[in-house]
Amino acid sequence: MKIETKRFVFDISVWTTSLCLALGVLIHDAVAGSKVPTTLHAQWMTECGSCHVAYPPQMLDLPSWRRLMSGLDKHFGSDASLDEPARRELLTYLERYSGGRGSGRYAAADGRITSTAWFRDAHDEVPATAWRHPSVRSAANCAACHPGAEAGDYAERNLRLPRGIRMMED
Amino acid sequence: MKRLLCILPIIALPAAAEPARDMLVRYAAEAGPGFSPSAERGRQFYHRQFGVSADMPACASCHTDRPGGQGQHAITGKRIAPLAPAANSERFTRSDKTEKWFRRNCKEVVGRACTAAEKGDVLAFLLSIK
């Protein structure tokens, strides 16, 4: 094959693959009805992922998210306010993917994911000292032990504990 | 090499520091006649310990004493990309984003909104970092 032909074929295949992937994601998003987002929401990542990990929406129930989203100017001591279109857009995202509409295990009266029953259960083998470890600093710092947190990966098999931290036995 | 050129259209080209300089011109105009941006005033402002917030007394609390390097959020520990345009070409390229962060961070660190003159000085300081 001539170089020009090879280049043309390569070019076409790159664009076709990209298009198929994009369409696939859109269609899957539209029909799956999954509670776990299949893609990372770009605005969620930039607006909520600058100061802390962009927490997956299923980590809190909808009433908790709603309360949080209506007090962003006083967000755990920080001003995290958004303009109204951005706030509405993110609320719609949360309405779709939140951890239920008031299911108990995903509820947090103080709006902290760390206060939910599911979080406490999932971390019951973590010793108290781990949260104060210099490289952890805060329970909000998911990526300290979940290296894939930024990409939404919190799987136990991918845990990497900072040096000196050991899980407690059951 | 030719193959690499083919996929260029799907890779966004990095922006230069020009938008940041344009933004500085706009802040200077907004600050009014007689104002001339000063990197030195901006440097002092950047390092000043306002002390309004215990966790974040200064800009440098999160963006560090070297804004050309990586920062770290003072509360959550999350890494923050460099603030100086020379180290991070995305900085100060979109005025809505820049205004949002000045609005939030000035309120939190300085305890009030920053003036156009203060923003201009800080930007002049950040642009002076090579």
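Below, chain A is the first sequence line, B the second, and so on; all start at residue 1. These values consider heavy atoms only, across backbone and side chains, with no hydrogens, waters or symmetry-generated copies.
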Heavy-atom nearest pair, A/S81 first then B/R103, reads OG-NH1, 2.5 Å

message = Counting neighbours of CZ on A/R67 that are heavy atoms of other residues, nucleotides or ligands and sit closer than 6.0 Å, is the number greater than 12?
response = yes

Exercise. Give a yes or no on whether the backbone of A/E47 and the side-chain of B/K100 come within a donor-acceptor separation of less than 3.5 Å.
Key: no

B/T76 and A/H52 have their tightest heavy-atom pair at CG2-CB, 4.0 Å

When the 4.5 angstrom heavy-atom criterion is applied to A/S50 and chain B, the contacting part is both

Measuring only between side-chain heavy atoms, which start at C-beta, is A/T46 closer than 4.5 Å to B/K97? no

Next on the checklist: With clusters defined by side-chain heavy atoms of hydrophobic residues (ILVMFWY) lying less than 4.5 Å apart, directly or transitively, does B/F35 cluster with B/L127?
Outcome noted: no

Bottom line for B/E99: the part with an atom under 4.5 Å from chain A's heavy atoms is neither

- For atom CD of A/E156, decide whether the heavy atoms of other residues, nucleotides or ligands shown that lie under 6.0 angstrom number more than 12. no

### Query
So if you build clusters from Ile, Leu, Val, Met, Phe, Trp, Tyr with side-chain heavy-atom gaps below 4.5 Å, do A/L159 and A/F119 land together?
yes

Heavy atoms of A/S138 and B/I75 approach each other most closely as CB-O, 3.8 Å

Fill in: Single-linkage hydrophobic cluster A/I113~A/Y93, side-chain heavy atoms < 4.5 angstrom
yes

Separation between SG (A/C51) and CD1 (B/I80), nearest 0.5 Å, reads 6.5 Å

Notebook entry, point to check: In the single-linkage hydrophobic clustering (I, L, V, M, F, W, Y; side-chain heavy atoms under 4.5 Å), do A/L91 and A/Y106 co-cluster?
Noted result: yes

* Check whether more than 12 heavy atoms from other residues, nucleotides or ligands sit under 6.0 Å from atom CZ of A/R160, and answer yes or no. => no

Note: B/K78 and A/E150 closest approach over all heavy atoms is NZ-OE2, 2.5 Å

Nearest heavy-atom approach of B/R104 to A/L82 is NH2-CD2, 3.3 Å

